[in-house]
Structure formats: structure tokens, C-alpha cells
> 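Okay, handing you the structure first.
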Amino acid sequence: MATETPSDPETTGWREQWSGWFDGSLFTLIVGSLAVVVGGGLVQVSFGSFSMSILDAWQAVFNPNVIFNAQAWEAFLLGAEVPEMNKRSFIVWNIRLPRVFVGALVGMNLAVSGAIFQAVTRNELASPFILGVSSGAGLMVLLTLVVFWGLAAFLPIIASIGGAIAFLIVYAIAWKNGTSPVRLVLAGVIVGTVFGSVQTALFFFADDIGVVQSAIAWTTGSLTGTDWEQVRMALPWTIVAMGLALISSRQLNMLLLGEKTASSLGMSVEKVRFALSGVAVLAAAASIAVAGIVGFVGLIVPHMVRNIVGSDYKKLVIGCVFAGPALMVAADVGARLALNPVQIPVGIVTGLVGGPYFLYLMRKQDEMGEI
Amino acid sequence: MAQEQTTDPRTNGSSTASTDTERPGSESDGSLDGEGLVLSYPSSDGPIIDGESITVTSGSVTALVGPNGSGKSTLLKGLADQLAPDAGSVLVDGRAIQSFDKKELARTMGLLSQESTSPNSITVEDLVYHGRYPHRGFFESTTEEDERAVGRAIELAGCGHLRDREVGSLSGGQKQLAWIAMVLAQDTDVLLLDEPTTFLDLHHQLEVMEIIETLRTESDITVVVVLHDIQQAARLADEMVALKQGAIRARGTPEEVVTEELLAEVFEIDAEVDLTPRGPRIEPLRPRHDDDGRERPTERVSQADGGDG
């Protein structure tokens, strides 16, 4: 990479860097993922209770009056009043598309979060929820729905805060003259078990089936009824988290060399580990706030991407930003349309879609799971 | 270190984030002193090293030798600031080691630990680039200085032919060369190596020795190396330090240290020592079984030290 043509250092420098980041396999992955997201999105907008032909729906998606309308985007992204548009465009842009966008945001958050946790804990089984985030969020959801139902309006934020608190508890338990990956994972399992028990216990106190269903939707993850409001809620945090993850890719690579080496190379391992965990929790919390606890995406997407682009986190993080949405959007097509008119939580479908694919990879690859 | 720190064209203007003006003007001489060091692990009952001092002459190669569990790796970890001393101090270039910023220390002193792990799919070159970590700011991309240092390190470690190979596909000896290239790319005045030849085949043992010899003759890097093989140590080192049960039993040139008496006392072997042009040559004869209820090499030391230390 360093020696080819030393003639013009400036351009070769750039070219090297870009070719280093975007090699063929990563490019293929990005294009493939985008194709899945666009394809899944088009399927999503084509079906629904308001019947219109597929052609009509697609025309509504690419309606230039909406796409190039600053006012419309202001309405979508900043919550201003929605401008005049025809009914089909209104339905597609206000009801069907936001769900696709939310799915994409959730997918990239979970995938990147999982990738970070796999480096931080140096554990191939790590997922966004390994350090207690899901159990903390789940417990708070149940508490809110069953006990403090007056606060239900703040459920998304309460769930995220619950996840963050559980993460801090896990860190505090694991801390003894510093942490280690194993201590962190063990503490995560302990906190997860305790919180999980309390959560299950709370189900007994739920007095009507609606509360239980709502709780299950939250704890398995669902995109039902998501709207531009969810996009607005998740987008800023997603941008921050993705940006930080991309910037930190070199630190993530260093963590893979092990604590001793990273430390002797001058890295403050504890600080970096905590900061990166924080970024990963932020990403996970952003996805929990809009979609509940969607399992499996954060575990398998990093492995799928690693399988294609290798373990360099510069490529891995970028790959996850694209592959996460692909899995999530594809799974949501199933969640929304498979048992039409009944919608099932998307978390169930991510397991059903992702599990077999993960198995297939495992059978095909000898080195599957190695970080 | 040659310091032509020009603004790099590739940092794309973001170099405002960290200006590396604080890099020392390098009157650093690479001296390393440990004074009255007391070292222990949180899990051990007592100190492994109990109040030892060591002075490493700058620019020389110093070998730490001793039987398993003698505390030589522990001493090295203490010198490298990987293990905070209970008492005593470590001075690098005459400065207390705690006064160094972490990255600053990593630009002054490199450490190659005994067992190093890396992802299998990383290439040798990328691994070596990790050695430049302490020289780079948070947002900085690689500079020409980095490229040069990496090139030099790879050449010195003799792993140019492995440059684009994945680390996972290398043999143990080749891996070790790659790791050595990585610490060399750190471009430090002091280099600490923990048993770099253990578990390697003869060819790669000699390769590693040759690298250290090159460092001794062609650079003024100070090298402290823990070696299991006293013969190798005698051949390689300017100075040797022999440890037993956490105490320094002898220090000096190989000729002074490697004697039949010392081998009997420290290593508990009978051996013949011949002085040759390539340093003392040792022929081990038999282990000594003293009858006077000799103490076993302290178990707590060998436990806490994680094996060959």
C-alpha cells in the first residue's frame, strides 16, 4: 500500500487512503445493501390498507413535488406543518416511508453498536445488549406500563435511560482496579439475569392484555406505527453515534490487539473502552427509543460484514452502516406484510431471517465468529 | 528521530485538532533506571521483586536472565510501567515515568509482551502501522514520517516478503518478526522485549538475535531483553542481570556473570563454561540436587508470574 508510486505524494496519499477504505468487497456490500433497502422500501410503500396500484405508489415516492419541496422536508425533519400534496403522496410519504427510514436508522445503530461491543469485549458473542442495556430498558418499559403508567408518554426516553443506567451498573460491578472484557461480560450477564427476572415478575401484575401486548412489542422490538416523529427522535443521535464510531475505528482496531499491546502503544485502554462503550450504548438507546429492543441484528450483522470485508474496523463500521439497514428493512417487510393484516414485531422476523442466514455462514465458513 | 514535521497534505486541514509541537526536542538519551523497586501482583501474597535497583546503560543491550519464576518478566513489566510499583521509582531519561503522558511514554519506550494476539485477517503491514499509534493524533492520518518508519521497521525486522500476508497465515516465527517490526515502528529510544525467542525454531531465534545485534551496533537504542536461554543472552548482551527468587544475584558483562558458580547458584545446574571469542559458551551437565533441604523455587512467584518469568 505504501510503495507503488512515490511520485506525487498528495494524490497517492489520497488514493491509498480511499482505496484502503473502499476496496471491492466493501463496495459490493454497500451496493448490495442499498439495493435491498431500496427494494424493501418500494415493497413497503406499495402495500397497505389504502389501496393503490404499485405504479401509483412508486410514482408517489418519486414525486418531484415532494422530493424537491423544502417545505415538505421541513415538515418531515423538523416537525413543521405538512404542505399540500395529493392524497397518494401524502399516504406514501407520511405513513409508509417513515417506517422504512426508522427501520434503516435502527438497523445501522444496532449493527454499529454490536460491532463496537464486539471489539470492546473482544467477544464474538457480544451484541448491543451484552452489557445489560436491553434488560435495563425492558425493565423500565415494564415498570412504566405496569406501575407508573402515567409516564407512558415518555416511554421511549425512559427505556433508553433504563438501558444506560443498566450499563453504568454493569460497569460499576465489573470495576476493580480497572475492568477486563471477561469481567464486563460476566457483570452484564448477572445484571441481565436479575433485571430479566424482575421484568418477568412484573408481567404478573399487568392487569389487561393490552398492556402485556404493548410490553411484548417493546421487548421484542417493533416498527408498527412509526412516523416522522421517530425519525426526528433517532436521527440526531444516530448521526452523532455513527460519526463517533467512524472516527474511532483506529481505536477499535487497537483494542483487537489486546489490552497489553494497546496500553504499551500509549492508549489509555480504560478510558477508550468506556468512551467507546458509551458510543455503543448511545446507538443502542437511540434504536430502543424508536423501536424497542430488536434482537439479533446487532449480533449477526457485524459477523456478516466481517465475513465479507475482514476485521479492519474502518471497513467494518462502514459496512455495518449499510448492512444493518438492509437486514432491518428486509425483516420489516416480513413483519408488516407476511401475516397481513396482522403485524408481528420486527424483532421476531429479524430472528427468523437472520438466524438461518447466520447458520448458513457458519456452515460455509471455517473461521466464522473469529474477531 | 529526524523531525521534519511538515504539515501533511493528507490530513485535509483537520490537523488543527492536534499539533504535535510537544514532541521532545530529543536530547533524550534512552537511559532507564529502576530504583528500589517493589513489585507485586494484586493476586500475589507478597512482593515478587522486593526492593531491587537496576541501571540500564543507554545504547546498550541488557539481558535479564534467571530460572522460571525468578521475577525477570515482572521486573520488565515494572520498568515498562505495565505494573505500578508498590515502592521505588522508574526513571526514563532521568524523568519519573509517571510524569510521562501515556502516548509520550510510548514514543520513548516500546514493549513487546510475551504473548501477543491480533486478528487473523490483518496484514503484516497494517499490524506494523499500529506501532505508529503514539505518533499520531486522534484525527491524523498516516504521514510520510509514518511510512518511512514502517518501511524501516519492516526492513530491519526482515519481514519485507511478508508485508501483504495476513498475520493468521504466518508461522509462529514469522509472527514474531511482524510483532518486532511493530515495536520497531514505534521508533523509541528504549526497547523492552519479553522473551522474544521463546517458542521459536532455531532459524527464527537467530533472526531475532540478529535484529537485536543490528540494533546494538547500528543504532543507539537501549534494549532490555528477557531471555530464557542464557547462552543466547551471553552472546547478545553487553550487560547481564541474573535474578533468582525476585532478587538480583549478579550483574555485569557476560564474562563476569556467566560463571560456573553462578550457574550453580542461580540456575541450580552443573555446567562447564568456556570463554570463546563469541562470549562464554555453556555446556550444561546436570541439575544440582543439594542435600541441605534446598528451598523449592518459590511457588507463589511462579504462580503469579504466569509461567516463564
Side-chain angles (χ1 to χ4, degrees), chain A residues 1-4 6 8-18 20-21 25 118-119 122 124 176-178 244 246-272 275 306-316 366-367 370-371, chain B residues 8-12 42 77 80-82 84 100-123 125-127 129-136 138-144 146-148 150-151 154 163-164 166 168 179 182-183 185-186 192 194:
Chain A
M1 160 162 116
T3 48
E4 263 106 292
D8 185 349
E10 191 165 345
T11 53
T12 50
W14 268 111
R15 207 173 304 137
E16 264 162 35
Q17 212 152 40
W18 284 105
W21 283 45
S25 52
Q118 285 171 6
R122 298 190 70 215
E124 43 279 299
K176 188 184 174 192
N177 302 319
L244 289 173
L246 284 173
I247 291 170
S248 314
S249 57
R250 189 148 48 95
Q251 324 287 328
L252 289 162
N253 277 333
M254 286 281 290
L255 282 179
L256 295 185
L257 298 182
E259 230 165 309
K260 268 192 262 171
T261 309
S263 163
S264 75
L265 284 172
M267 177 191 260
S268 309
V269 178
E270 289 297 349
K271 276 187 215 158
V272 169
R306 197 175 281 121
N307 215 20
I308 296 169
V309 303
S311 59
D312 182 351
Y313 264 79
K314 266 184 280 187
K315 295 178 199 162
L316 187 61
D366 301 333
E367 292 182 357
E370 217 163 80
I371 286 189
Chain B
D8 185 81
R10 276 155 301 169
T11 51
N12 195 16
K77 278 180 203 157
D81 200 31
Q82 296 289 304
F100 281 81
D101 167 73
K102 270 213 91 156
K103 275 193 169 183
E104 188 188 5
L105 182 64
R107 289 195 295 262
T108 315
M109 183 160 75
L111 167 71
L112 182 60
S113 300
Q114 216 173 113
E115 68 280 324
S116 310
T117 51
S118 79
N120 282 338
S121 64
I122 188 177
T123 66
E125 183 176 30
D126 286 343
L127 178 66
Y129 263 103
H130 281 309
R132 298 303 294 170
Y133 180 85
H135 295 270
R136 290 165 70 177
F138 196 85
F139 293 104
E140 266 177 87
S141 52
T142 53
T143 63
E144 276 175 68
D146 291 330
E147 272 169 40
R148 246 177 289 138
V150 167
I154 287 180
R163 204 171 174 132
D164 297 318
E166 289 186 356
W179 280 101
M182 193 205 75
V183 284
Q186 243 176 294
L192 310 180
D194 196 356

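What you see is a predicted model; the values in this text were computed from it and never measured. The chains referred to below are lettered A, B, ... by the order of the sequence lines, with proteins before strands, and numbering in each begins at 1.
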> Which bit of A/S268 is near chain B, if near means a heavy-atom gap under 4.5 Å: side chain, backbone, both or neither?
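For A/S268, the contact with chain B is made by backbone and side chain together.
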
> For the CG atom of B/D126 and the CG atom of A/N253, what is their distance to the nearest 0.5 Å?
8.0 Å

> Can you tell which part of B/L105 gets under 4.5 Å to a heavy atom of chain A, answering side chain, backbone, both or neither?
neither

> Tell me which of these, A/K260, A/R250, A/M254, has more heavy-atom pairs under 4.5 Å with chain B than the rest.
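Option with the greatest count: A/R250.
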
> Could you tell me whether the side chain of B/S121 and the main chain of A/S311 form a donor-acceptor pair under 3.5 Å?
yes

> Are side-chain heavy atoms of B/W179 and A/L257 found at a separation under 4.5 Å?
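They are in side-chain contact.
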
> Contact part of B/T117 toward chain A, heavy-atom cut-off under 4.5 Å: side chain, backbone, both or neither?
both

> How close do B/G131 and A/L265 get, heavy atom to heavy atom, and via which atoms?
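That would be CA-CD2, 3.9 Å.
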
> Between B/L127 and chain A, with a heavy-atom cut-off of 4.5 Å, which part of the residue counts as in contact: side chain, backbone, both or neither?
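Contact with chain A involves the side chain of B/L127 alone.
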
> Do you know which of A/G258, A/S248, A/A262, A/S263 has the most heavy-atom pairs with chain B at a distance under 4.5 angstrom?
A/S263

> Please report the interatomic distance OG(A/S264) to CD(B/Q82), rounded to the nearest 0.5 Å.
5.5 Å

> Quick check: do A/T261 and B/M182 have side-chain heavy atoms less than 4.5 Å from each other?
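Of all side-chain heavy-atom pairs linking B/M182 with A/T261, at least one is under 4.5 Å.
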
